[in-house]
Structure formats: C-alpha cells, structure tokens
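Can you read through this structure? Questions will come right after.
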Amino acid sequence: MTTTLLSTAGELHARARAGRRAVVMTMGALHEGHATLIRTARALAGPDGEVVVTVFVNPLQFGAGEDLDRYPRTLDADVKLAGESGADVVFAPAVDEVYPGGEPQVRITAGPMGERLEGASRPGHFDGMLTVVAKLLHLTRPDVALYGQKDAQQLALIRRMVRDLNFGVEIVGVPTVREEDGLALSSRNRYLSPAERRTALALSSALFAGQDRHAAQEALRARAREVPATRARAEALSAIGESRAAADAHAVATAVPGGPAAVRAAARQVLDEAARLDPPLVLDYLALVDPSDFTDIGDDFTGEAVLAVAARVGATRLIDNIPLTFGTFGAAS
C-alpha cells in the first residue's frame, strides 16, 4: 500500500478521517516486533480506518550516558516496513515540532510506579516517556493506541496516565515478539556481538525457567486437589508416580499455588550462571511484580503477575518479561 510520510501535525490533522485511527508509537529502527504492532493496528482500524506510525527519538527519555546519539535512525527503511505492514501514514516530526518551545517546562510525572525497576535504574526516564506519549496522543488524535508488552512497565504507566488524566483513547497491549532463539526483539539487539548475543539469551532463558517452574507447581497442586483429601489421596498420587507428593499430600494441598519464591529462584539460577560467562551478564534487576503498580508480590499472591528482568551485556542494556497467573491452577497466561 502507499504510505504517506508527514512531518507536521498540521499535515496530519488536514487528512480526511472516516473510520477509526489507530496509532503505533515508535522511536524508529523498526523490526518485526513493530510490524506485529502495525498489523494489529490495521486489524483494529479496519479497511475504512487509518493506521499512523510515529517515528520520533525522544530526547527526554534518555538519561546521562545513555545512547541517544547512538540510537539507530533508519527512516527510509522504517517507512518501507511500515507500509508493508499496513500503515497509511508515517508521522516523523522534528524535535522542534514536538517541543516547539524547547524542553517543556510542564511535564507528566510518573509517580511512585515510575520510580521502581526501570525507573530506579533510569531516573526521569518514565517522566520523559509519558510526556512524549501525551504529546503524541494530542498530535495524532487516535481512537486507539498500541504498545508492546515487552515494555511492560511502560505499558502499565501509559494505561494509568490515560485513566488518571481522562484521555479519550483506548490502549491495547500486544504480546512480545521473539527471535527464533528466544531473544525478545529490540532495536538494541543490533549492538550485540555474536558472543554478547549468546550471553544475552540468558534473559529469555531465565524467564522461561521461571515459567516452567510455575507451570509445574500449578499442575501439581491442581492434580493434588483432584483426589480426596484422605489416605486415598496419597494412594492415588502414588499410583500415578507422584511418590514424593504422596508422602506429604497435605503439604502439597496447602502449598502456595505456583510458588512465587520458587519462580524467582529458578530464574535467578540461570542469571547467576550467565554472570560467569565471557562476556558476562551484569544483572540490573529480576522482579516478580503486580502489573497494576509494579510492586513485588508475596507468597500468598493470586492473580496476574509479571516476571521481569533487565541486564547489561557489554555496553548494551536489555529488558524482557513474561506474564504469569498465580492461583488458577494453570500455566503462564
């Protein structure tokens, strides 16, 4: 399809609108993860709607020593991929179009949730991110905006901002897209040398180890509940080869479903091993949190959770996460 490249909000506002407008916000260097967002936006907008992809490297969300100048800028390739994925418009404004008076004096503050995990590692990052998201929502005027779940804390904060400040837009999260080896797609992956990439695989491997431990514990608890809470339970468990569980059926029945501590431990073991590789993985954080506020969950927690990790390999900082559900006797959501 023909994709129009625009650089000013006036040009975008002058376009005739019929159906829904769906917006995908990016900092460029588009990859298959972005393409998935754009294709999802196309489906939500429908044949009569419009998909707008923003390309803007936001200086406000880069801290001292971060990679603002090094961040890849590939606008021609971005327009091509956006068009192939279903975008009608690529909106690529200059800095003075988004911040016409220079750095804004009035900004969005992320609050306590923005000071945890990524916010603690990158002070001010989420204030800058929310400020530009608010600006771009005003400039593009969408009905729906889509963001990747790979940036889980970012997505949670955008949802909170839209709810708290009464933005009239629907926010949709799209599942993380991974490369064949499991590494979450990111524009920063291109910075990794072959050896660094091998080490970086520990991020997704750790998450999958935690996910597997969670699934196994949930399945065992569900199986224990399926038989009577008497001697017959031990006999039934023994009959299916669960001899250890049969020896302590009561402990199995009363165990915390899914075991958050065990999930953390399984993931941590993989990360500890990666710290001894060459080059080593330098862990920033591993956390199992409530996605509503990104606080750590306790051992009695039930409901949706996020297992999140951030680490450096060489000069490149990477993040990843997976969703889990505790207390429903199922595996990862």
OG-CD distance between Ser205 and Gln269, expressed to the nearest 0.5 angstrom | 12.0 Å
Pair Gln61-Asn58, side-chain donor/acceptor within less than 3.5 Å | yes
Spell out, as yes or no, whether a donor-acceptor pair under 3.5 Å connects the side chain of Asp127 to the backbone of Thr109.
->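 Here the side-chain-to-backbone pair does not exist.
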State the CG-OG1 distance between Asn189 and Thr316, to the nearest 0.5 angstrom.
->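 Between Asn189 CG and Thr316 OG1, I get 8.5 Å after rounding to 0.5 Å.
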Would you name the heavy atoms of Gly210 and Leu307 that are closest together and state the gap between them?
->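 Shortest heavy-atom contact: CA-CD2, 4.2 Å.
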Do Val57 and Val95 touch side chain to side chain, with heavy atoms closer than 4.5 Å?
-> no
Show me the donor-acceptor pairs within less than 3.5 Å that the side chains of residues 148-158 make with the rest of the protein, sequence neighbours left out.
residue	atom	partner	partner atom	Å
Gln153	OE1	Glu118	N	3.2
Gln153	NE2	Met113	O	2.9
Gln153	NE2	Arg116	O	2.8

Do you know the tightest heavy-atom contact between Ala287 and Asp296?
-> CB-OD1, 4.0 Å
Step-by-step side-chain contact (heavy atoms from CB on, under 4.5 Å) determination, Phe91 to Val55 | CA-CA 6 Å; Phe91 177 52; Val55 175; over 6 Å; no
Flag yes if Leu136 and Met27 sit in one hydrophobic cluster, no otherwise; membership is Ile, Leu, Val, Met, Phe, Trp, Tyr, and two members link when side-chain heavy atoms are under 4.5 Å apart.
-> no
Between Ser186 (side chain) and Arg188 (backbone), is there a donor-acceptor pair under 3.5 Å?
->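 Side chain of Ser186 to backbone of Arg188, a donor-acceptor pair under 3.5 Å: yes, one is there.
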Salt bridge (charged side-chain N to carboxylate O under 4.0 Å, His left out) against Glu170, all qualifying residues, sequence neighbours excluded = Arg20
Examine Leu137 and Tyr99 and state if one hydrophobic cluster contains both, with Ile, Leu, Val, Met, Phe, Trp and Tyr joined whenever side-chain heavy atoms are less than 4.5 Å apart.
-> yes
Output yes when Arg15 and Asp88 qualify as a salt bridge under the 4.0 Å nitrogen-oxygen rule, no when they do not.
->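 Salt bridge absent between Arg15 and Asp88.
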d(Arg198 CZ, Leu192 CG) to nearest 0.5 Å is 11.5 Å
Under 3.5 Å side-chain donor-acceptor pair for Ser121 and Asp284 | yes
Got a sec, which residues hit side-chain contact (heavy atoms from CB on, under 4.5 Å) with Arg190, two or more places apart in sequence or on another chain?
->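 Arg190 satisfies side-chain contact (heavy atoms from CB on, under 4.5 Å) with Ala29, Pro72, Thr74 once adjacent residues are dropped.
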Salt-bridge test for Arg197 and Glu179: reply yes if a basic N is under 4.0 Å from a carboxylate O, no otherwise.
->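 Salt bridge flag = yes for Glu179 with Arg197.
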For atom CG of Asp76, is the number of surrounding heavy atoms from other residues, nucleotides or ligands below 6.0 Å larger than 12?
-> no
Establish whether Leu37 and Val144 are linked, either directly or via other cluster members, by ILVMFWY side-chain heavy-atom contacts under 4.5 Å.
-> yes
Mind checking whether Leu146 and Val23 have side chains closer than 4.5 Å, heavy atoms only?
->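 SC-SC contact between Leu146 and Val23 ruled out.
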Residue pair Val24, Val52: steps toward the side-chain contact (heavy atoms from CB on, under 4.5 Å) verdict | CA-CA 6 Å; Val24 174; Val52 176; over 6 Å; no
Atom pair OG1 (Thr54) and CG (Leu6), whose distance is rounded to the nearest 0.5 Å = 12.0 Å
Going by chain and number, the hydrophobic cluster around Leu277 (ILVMFWY, side chain to side chain under 4.5 Å) further includes none
For Glu103, all residues meeting side-chain contact (heavy atoms from CB on, under 4.5 Å), sequence neighbours excluded | Leu60, Arg107
Can you find a heavy atom in the side chain of Glu304 that is under 4.5 Å from one in the side chain of Pro323?
->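 Contact flag for Glu304/Pro323 side chains = no.
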Treat each ILVMFWY residue as a node, draw an edge where side-chain heavy atoms are under 4.5 Å apart, and state whether Val172 and Met25 are in one component.
-> no
May I ask you to decide if Pro280's main-chain N or O and Arg276's side chain share a donor-acceptor pair within less than 3.5 Å?
-> no
Distance (rounded to the nearest 0.5 Å) between Ile171 CD1 and Tyr147 OH |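 The distance works out to 5.0 Å.
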Any donor-acceptor N/O pair, His214 side chain to Thr325 backbone, under 3.5 Å |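 Yes; at least one donor-acceptor contact below 3.5 Å.
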Is a side-chain N or O of Glu196 found less than 3.5 angstrom from the main chain of Ser193, in a donor-acceptor match?
->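 Looks like yes, one N/O pair under 3.5 Å.
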Are Thr3 and Val89 close enough, and set up right, to give a side-chain contact (heavy atoms from CB on, under 4.5 Å), and what steps lead you there?
-> CA-CA 5 Å; Thr3 302; Val89 174; 5.7 Å; no
Heavy-atom closest contact (Gly28 atom, Asp78 atom, distance) = CA-OD2, 3.3 Å
Keeping the roles fixed (side chain from Glu97, backbone from Ala9), state whether a donor-acceptor pair exists under 3.5 Å.
->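 It does hold such a pair.
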Tell me, please, which residues at least two apart from Phe167 pass ring-ring contact (aromatic ring centres under 6.0 Å, His included).
->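 Per chain and number, Phe167 pairs via ring-ring contact (aromatic ring centres under 6.0 Å, His included) with His138.
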Heavy-atom pair of closest approach, residues Ile319 and Ala310 = CG2-CB, 3.8 Å
N/O donor-acceptor pair under 3.5 Å between Ser85 side chain and Ile38 backbone |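 The answer is no, because no donor-acceptor pair under 3.5 Å joins these two groups.
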Hey, what do you get for CG (Asp300) to CZ (Phe326), rounding to the nearest 0.5 Å?
-> 12.0 Å
Smallest heavy-atom separation, Met161 atom then Val133 atom, equals CE-CG1, 3.9 Å
May I ask whether Leu183 and Val270 are part of the same hydrophobic cluster, defined by side-chain heavy atoms of I, L, V, M, F, W, Y residues being less than 4.5 angstrom apart, directly or through others?
->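 Shared cluster, no.
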With a 4.5 Å heavy-atom cut-off, do Val309 and Leu283 have their side chains touching?
-> yes
Show your working on side-chain contact (heavy atoms from CB on, under 4.5 Å) between Val132 and Val98 and close with a plain yes or no.
-> CA-CA 8 Å; Val132 79; Val98 179; 4.3 Å; yes
Salt bridge check: are Glu50 and Arg17 linked by an N-O gap of less than 4.0 Å?
->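 Here Glu50 does not pair with Arg17 in a salt bridge, since their nearest N and O are not under 4.0 Å apart.
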Please check if the side chain of Arg42 supplies one atom and the backbone of Gly86 the other of a donor-acceptor pair under 3.5 Å.
-> yes
Between Glu11 (side chain) and Thr8 (backbone), is there a donor-acceptor pair under 3.5 Å?
-> yes
What are the two closest heavy atoms between Ala35 and Leu81, and how far apart are they?
->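 That closest heavy-atom pairing would be CB-CD2, 3.8 Å.
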